[in-house]
Amino acid sequence: MPWKQDYTISDEVAIADADIVWPDGKQCGFGIVVDLSPATSLAGLDEKSLRYPTYHFGLHEGLYDFLDMFARHGLRTTFAVPAAIAAIYPETIARISAAGHEIAVNGLLGEDPLTLDEGTEAERVAQATDMIASVTGARPQGWFSLPRANDPFATGNVSAKTIDLLIANGYAYFGNGLADDAPHYWVTDFASRKHLLTLPYYYHFDDRFFLMFPSEGTGLERPGTLLRNWQTEFAAQYRRGRYFSMTVSPQRSGCGHRLDALDPFRRGGAAMPGLWNATGGEVAAHWTRHHPAATHLKLEPSIWKSYEGSLD
Amino acid sequence: MAMTFEQGGVEALAAIARRSDARNVPIDNFKYPDGVHIVVNFTLDFDAMLLRRLWNEPALQRSKGEFGGRVGIWRLLDMFDANEVKATVFTPGRICELYPKALHRAVAAGHELADHMWEHQVPEDPALEQDHLGKAIAALSAISKTPVIGTRSSHTPAFLRRLGVTYNSFTSARSMPFYQLDENDENELLQLPFHYSIDDAMYFSFGWLGTPNAAQRIYDPETVLEIWWEAFQQQYRAGGYFNLLLHPFVSGHAARVDMLERLIQRMKTLPGVWFPTCGTLAQYCLEQYPFAQQARPSK
């Protein structure tokens, strides 16, 4: 950058389109994130959210239809799962995993880490990691902190310690960064260049903000807008040779006619030649090998000056 | 002076309205240079994450803004250059310490740097306000190597004029360029008006200006392209003015850059569409239609 703590998390200029390399000379990276959190409040899932009829639908019929559709089209995805959901529904998670999808963590309860004190957050990251590992048999590679529909910001939250905690717990990537629309490095310490690879997320491509938003029954159902956002962004990123990631949830997009809406998207976009569809863990592995931080993270010291009456 | 209905009845309110109206001075018989039918100003509010930081918003909100500095601004400038559009980058002074490379790249391609406050706020204390404004103008001038003559802010007009600022782009009070006086009927500045209906944040930014979740209507680029094309055509028929307000952290996303390029290419199918910087338009207005020659509305 000039690096500036609490302002920026990565370098001053993003990687250029022309410098991005995908496996086997492919044109564009393509990720699908499936959000399995029922949480509607910052505290994460609770009795009320677990009993939602739409969530029940999402974890059963909606999910099975999702898995069928992914299998039919040969798509592999990343499931962002609150660890408690994996513990409650281990057979469901095993079925998803057996179909070739990645199981990543979306908090212990799909909660907002800003509601936790530092010690509690550290405990929960460790606990959630172990919980997922015991269900899947492997340590998770990816951690998400996805937004809930009633959050004040449509970004999800991390605390000042979250990324360091993820590094300490051996994560390969953080799944919902907004500082780029390609994978990028989230730096937590300028001097040591301590960093974690971060995959891009944008709420404009997340069905949570378009279907039954902010909650079921409010009538804010805008599938056409969501589909056009997916299609136009996909086309633009494909042309640039960059990366496109969409976020879907079976309690929303898995429902009947909405599932159909994913198909024209697939015909229009996901069937393009030279598309590299991969899980988050595979994208992270490719990226750190071919665009390593040692050569691609270009940090420069801060030139920020301190003045009385100005921001620190 | 009576300022409320309770103090002075409708007449007090009428006096307030008349004073407010009298501050806005239209330019009579305004014409663009020969061959120009409409001016289109692409104006970028380049605060990146600065406002998010100022409001102490959480890390991923700041990242949303950071996108504008490390990705969005570059893409928009590349697209403008490919389409021979000169943009005006309204830049908080502090951005010079965060994204100097992008600003140098903008200046090198002939885009204009204009003021957008020091830290995206105007301090209430006049001494601190002048301190901030002076720092912003100095930081931007050091990069642009030319005097900064524009602002998009609510800075005190007298302070702005003292530092050489001659135009503002911070109102929707009229559709065409006009002069605006301060509260004391002094210190006129040229206003190059924008309109919220051609402001990207209204369509694409979640929770803009504190709006609640149930009020969100996030748009798609195709729909916005048609809204803005209609708006442009209406102004074109009127021989008007079109000031598009964009934020690099919003409009720098790939699908929106493509949408804006299509909008520009559609505009270019019509004769007489000029895409100068705000500074170029302001200098034309100030030279051809100086304030001293404008008829003041009666108070």
Side-chain angles (χ1 to χ4, degrees), chain A residues 1-2 4 6-14 16 114 145 149-160 162 176-182 184 186 202-204 209-210 213-214 218 220 222 224-229 232-237 239-240 242 302-305 307 309-311, chain B residues 48-50 52-54 57-72 74-75 93-94 96-102 105 118-119 121 123 125 127-128 131-132 135 204-207 210 212-214 216-223 225 249 252-259:
Chain A
M1 66 180 205
K4 175 59 183 155
D6 295 331
Y7 287 74
T8 55
I9 57 104
S10 200
D11 40 12
E12 182 179 353
V13 184
L114 290 177
S145 187
N150 287 310
D151 285 9
F153 305 112
T155 57
N157 278 331
V158 294
S159 77
T162 303
N176 54 291
L178 284 97
D180 206 323
D181 52 12
H184 55 287
W186 185 312
Y202 198 32
Y203 53 89
H204 291 262
F209 294 97
F210 298 88
F213 173 79
T218 58
L220 302 183
R222 304 171 67 238
T225 302
L226 175 62
L227 184 59
R228 286 190 292 276
N229 273 342
T232 54
E233 181 74 3
F234 176 83
Q237 291 289 76
R239 181 175 58 72
R240 289 178 179 277
R242 223 163 162 90
S302 173
I303 57 169
W304 189 269
K305 300 184 194 79
Y307 302 101
S310 295
L311 285 169
Chain B
M49 86 300 287
L50 199 57
R52 315 267 78 81
R53 168 66 183 83
L54 184 68
E57 291 180 358
L60 287 168
Q61 271 288 98
R62 298 198 299 270
S63 285
K64 184 173 90 169
E66 184 174 353
F67 181 95
R70 58 195 302 282
V71 186
W74 295 88
R75 257 181 211 167
R94 279 293 199 179
C96 300
E97 297 171 17
L98 293 168
Y99 294 107
K101 286 181 187 161
R105 183 250 177 274
W118 171 237
E119 295 176 338
Q121 62 177 334
D125 173 57
L128 188 60
D131 172 70
H132 275 204
K135 283 185 168 67
F204 298 126
S205 203
F206 186 93
N213 289 32
Q216 304 310 309
R217 299 289 185 280
I218 301 169
Y219 280 72
D220 61 87
E222 302 288 308
T223 303
L225 172 63
F249 79 85
H253 280 274
R256 297 179 193 141
V257 176
D258 285 4
M259 178 270 276

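First the proteins, then the strands, lettered A, B, ... as listed; each starts at 1.
Using a 4.5 Å cut-off between heavy atoms, I218(B) contacts chain A through both its backbone and its side chain. For L114(A), the part sitting under 4.5 Å from any heavy atom of chain B is the side chain, from C-beta outward, and nothing else. Contacts between S159(A) and chain B at a heavy-atom distance below 4.5 Å are absent for every atom of the residue. Proximity to chain B (any heavy atom under 4.5 Å) is restricted, for A149(A), to the backbone atoms N, CA, C and O.
Note: E119(B) leads E57(B), R62(B), E119(B) in heavy-atom pairs under 4.5 Å with chain A. Of the listed residues R239(A), H204(A), Q237(A), the one with more heavy-atom pairs under 4.5 angstrom with chain B than any other is H204(A). Heavy-atom pairs under 4.5 Å with chain B peak, among S145(A), A154(A), P214(A), G177(A), at A154(A). For chain A, the option among Q216(B), M259(B), Q121(B), Q61(B) with the highest count of heavy-atom pairs below 4.5 Å is Q61(B). No other option in N150(A), D6(A), N157(A) has as many heavy-atom pairs under 4.5 Å with chain B as D6(A).
The distance from the CZ atom of R228(A) to the OH atom of Y219(B) is 11.0 Å, given to the nearest 0.5 Å. Separation of atoms CZ (F153(A)) and CG (L60(B)) is listed at 11.0 Å; rounding is to 0.5 Å. Between the OH atom of Y7(A) and the CZ atom of R52(B) there is a distance of 13.5 Å, given to the nearest 0.5 Å. Going from atom CG of L178(A) over to atom CZ of F67(B) covers 9.5 Å, rounded to the nearest 0.5 Å. The line from CG of D220(B) to CZ of F210(A) is 8.5 Å long, rounded to the nearest 0.5 Å.
Residues H184(A) and V71(B) fail the side-chain proximity criterion, which asks for heavy atoms closer than 4.5 Å. When side chains are defined from C-beta on, L54(B) counts as touching L311(A), because their heavy atoms get closer than 4.5 Å. Using a 4.5 Å cut-off on side-chain heavy atoms (C-beta onward), S63(B) and T8(A) make no contact. Taking the side chain as every heavy atom from C-beta outward, W304(A) and L98(B) approach each other to under 4.5 Å. For the pair D131(B) and Y307(A), the minimum side-chain heavy-atom distance is 4.5 Å or more.
Of the possible donor and acceptor atoms, one in the side chain of N213(B) sits under 3.5 Å from a partner among the backbone N and O of D151(A). Judged purely by atom type and a 3.5 angstrom limit, R242(A) has no side-chain atom pairing as donor or acceptor with the backbone of A254(B).
Ion pair D11(A)/R70(B) flagged as a salt bridge, since at least one NZ, NE, NH1 or NH2 atom sits closer than 4.0 Å to an Asp/Glu carboxylate oxygen.
Scanning all heavy atoms of the two residues, the minimum distance from E66(B) to S10(A) falls at OE2-N, 3.0 Å. Heavy-atom minimum distance, Y203(A) versus F206(B): OH-N, 3.1 Å. Minimum interatomic distance between S310(A) and R94(B) (heavy atoms only, all atoms of both residues): CB-NH2, 3.4 Å. Nearest heavy-atom pair across A236(A) and D258(B) is CB-OD2, 3.2 Å.
Partners of E233(A) under the side chain to side chain donor-acceptor pair (under 3.5 Å) rule, at least two apart in sequence or in another chain, do not exist in this structure.
Between Y202(A) and H253(B), the two ring planes are parallel [angle under 30°; tilted spans 30° to 60°].
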- Between R240(A) and V257(B), does a side-chain contact (heavy atoms from CB on, under 4.5 Å) hold up when you go through it step by step? CA-CA 12 Å; R240(A) 289 178 179 277; V257(B) 176; 4.0 Å; yes
